[in-house]
Amino acid sequence: MSARQPPPRRAGLPAAAPVAGALLVLLLACAHPARADEYDHKYAVGDRVILWENKVGPYNNPQETYNYHELPFCRAETAMGEKPTHKWGGLGEILQGNELIDSGVEFKFRVDQPKTTLCRDVLTQKSARIFKRAVRKHYWYEFVMDDLPIWGFVGENVDGASETLEASFSEAAEDGEVAAEDAARGDGRRGNSHLSADALGHALRGNRLGGELGKTRDNAQPLIYTHKRFVMEFNGDRVVGVNLVAENPKPLVAGASLEFTYSTTWTPSEVPFRKRFERYLDYNFFEHQIHWFSIFNSFMMVIFLAGLVSMILMRTLRNDYAKYAQHSADDVEDRGGDAEESGWKLVHGDVFRAPRHLPTLAALLGTGVQMALLVLFVILITIFGAAYEGRGTIITVFIVCYALTSFVGGYVSGGFNARHSGKRWIKTMLLTAGLFPGACFGVAFFLNTVAIFYHSLAAVPFGTMVVIFFMWSFISFPLVLFGTVVGRNWNGVPDTPCRVKAIPRPVPEAPWYARPLAIALLSGALPFGSIFIETYFVFTSVWNYKVYYVYGFFLLVFLILMIVTLCVTIVGTYFLLNAENHKWQWTAFCGAASVSGYVYLYSVYYFLFKTKMTGFFQTCFYFGYTAMFCLALGVMCGAVGYVGSNAFVRRIYRNVKVD
């Protein structure tokens, strides 16, 4: 029986990895200036093309992934006795749970390989039981060749509907071969779909198998695929496509001898190298008519809210100004005293009073403005850089941009604290630097503990934790400190339009709809309505194996969300002040941030009715990741809403004449 020695677990990114990697690349370039490999994606005929083994896991649980050899696959005979070669990626690739290991399988560029034995194995009771469990749970695996992902099934379940199953897989295979031929001829962009995506889509979504994925009959017989047929496409000296057909299913019986084989076929293609990733994009899904309609619907909402805010500013406030001016000119006794004076003017002496928990609000505002700028930068980078092509590239960009934009967070929070005569600027700085990262670290630590217990690739290695901590300690934290000092000195002079009274004015009773809690809860409904459809597309891309690439749509939705949040928060602030409640700061922030609560409630609905996720592991990761996303969304929208409300309040009280 073939020896099965699982490769050692990844050790993470050492702190000196970037420098050492750069020196190594420089030395290799000097020693082999004309070497063709996957780093420059150019090959000569006969050059080895490496097939990397990445991960394996149940399809219904996207984050529950394991090392490929956690299943008792035998290793290639050509790699026996050799230490497996690892390919370390970037920070985002490791955080995404990728671990590439050289399979040892021989692939030569543009050289066809007939059916060849990969390895032989005799199933033991344990290995047969593990494989059966994997097949019943619809385990899939991922390979990588020349940075192109390849997906396939471990096996299939056959019962009374075996003929339907076989026909379905045959049809999927034929579809993949036809797609490969179309891609080679360059017949349209949809002809670029390859077998791995199509077969996975048909089989795993259950729309051709006559049943739902994850519901396997008790009498179903699990079979394991023993032959892998690779169909590679090339254009000149570059690989532009890789397709995989899994064939020859065999029953899983203890004591049975299995022979795992593979074959390769190279076909020419007219697909340009720069467009080879387009076959992974689902144009019919992301560019559906409903997507365009949602953008139009959100745009109309923006026009409506902008008109509402304009009406408040131009008509209501103008009438208020006229009433207050007339009241000041007339004799108070002739008008019956102060009975007619009411509304937002009465709180002019308290509206600019420092809010409660000033350091916390300052830190949240600084972090929120930083997040808004960060999201805008990441969207623009992905639009112009096609970041979806690289494994974990977007995560890396997000982390690096967060560290570099920390100065903005410190500047905003330091200036806000100083303008309100805050004395505890060090506490404000520490909260700005550590509140959001600390909350995310707490969630990530819990998820990492779960992943370690399950021996999953989702567990973040210690070395990667050290790198992230160093980035926070030596880049983010110093920038927050520097920004706080600059903000206190350059943007910390109080310049309120009205003088703050020494004694706070009591807040009168108000109807339920004019109370802070009601305003805060209701303010998030319209912003959520503007991003509802896009939220579905984003969730589907994250949790249902679709590559999100329509960042132009995302930019429009982001801008619409910001505008809607501004308008709704301004309206809510006006209602609150008109009810003679001068404590508007936290209400404005929480009202804008409440959109994240609606998104989290939607995530519960999506989990229950749009996915088939099961198990403690996946449930923790789903709601944990969603909690971090909603936390960032809430802080960002809250800060944007506060900025808009603050500008509105300063504008209306600037024109009020106060005795």
Side-chain angles (χ1 to χ4, degrees), residues 305 308-309 311-313 315-328 330 332-358 360-361 364-365 420 496-528 565-595 597-598 634 637-638 641-642 644-659:
L305 289 175
L308 181 61
V309 172
M311 183 183 68
I312 292 176
L313 292 175
R315 293 189 58 185
T316 308
L317 288 177
R318 185 168 57 188
N319 294 336
D320 290 345
Y321 287 136
K323 181 182 68 175
Y324 294 143
Q326 181 180 3
H327 175 73
S328 299
D330 294 341
V332 174
E333 294 181 358
D334 294 341
R335 294 170 52 87
D338 292 343
E340 294 185 10
E341 184 175 354
S342 63
W344 53 267
K345 182 186 176 183
L346 295 183
V347 297
H348 64 83
D350 300 277
V351 73
F352 294 106
R353 189 180 303 278
R356 298 176 58 187
H357 310 294
L358 177 61
T360 303
L361 182 59
L364 291 174
L365 293 179
H420 289 82
T496 57
C498 302
R499 182 174 57 88
V500 178
K501 294 181 179 180
I503 301 177
R505 177 186 176 89
V507 178
E509 287 291 330
W512 68 269
Y513 54 84
R515 295 177 182 175
L517 181 60
I519 292 176
L521 293 177
L522 295 176
S523 295
L526 284 178
F528 173 71
T565 301
L566 280 171
C567 295
V568 170
T569 311
I570 289 174
V571 173
T573 301
Y574 174 77
F575 287 155
L576 189 70
L577 294 177
N578 218 35
E580 302 178 17
N581 189 336
H582 58 83
K583 301 177 181 180
W584 62 273
Q585 292 94 338
W586 277 106
T587 303
F589 180 87
C590 295
S594 64
V595 63
Y598 287 89
C637 291
Y642 178 88
S645 294
N646 182 62
F648 169 76
V649 171
R650 294 174 64 85
R651 177 69 178 81
I652 64 175
Y653 283 98
R654 188 176 62 186
N655 296 331
V656 173
K657 295 181 181 180
V658 182
D659 295 336

query = Sequence neighbours excluded, which residues qualify as side chain to side chain donor-acceptor pair (under 3.5 Å) partners of T587?
reply = none
task = If the plane angle is over 60° it's perpendicular, under 30° parallel, otherwise tilted; pick one for H357 and W586.
result = perpendicular
request  = Measure the spacing between CG of N646 and CD1 of I570 and express it to the nearest 0.5 Å.
outcome  = 10.5 Å
request  = For residues W584 and Y642, establish whether the separation of their ring centroids is below 6.0 Å.
outcome  = yes
Residues K345, E580: salt bridge by 4.0 Å N-O rule = no
message = Just so I know, are the side chains of R353 and H420 near enough to count as touching, which here means a heavy-atom distance under 4.5 Å?
response = no
ask   = Is any side-chain heavy atom of L577 less than 4.5 Å from a side-chain heavy atom of Y653?
value = yes
task = Without swapping roles, check the side chain of H582 against the backbone of R505 for a donor-acceptor pair under 3.5 Å.
result = yes
task = Assign the ring pair F528 / Y598 to parallel, tilted or perpendicular, where the plane angle (0 to 90°) is split at 30° and 60°.
result = parallel
query = Any side-chain heavy-atom pair from C498 and V351 closer than 4.5 angstrom?
reply = no
inquiry  = Under a 3.5 Å distance rule, please check whether S594 uses its side chain to pair with a backbone N or O of G524 as donor and acceptor.
reply    = yes
ask   = Less than 4.5 Å apart, any side-chain heavy atom of N581 and any of P516?
value = yes
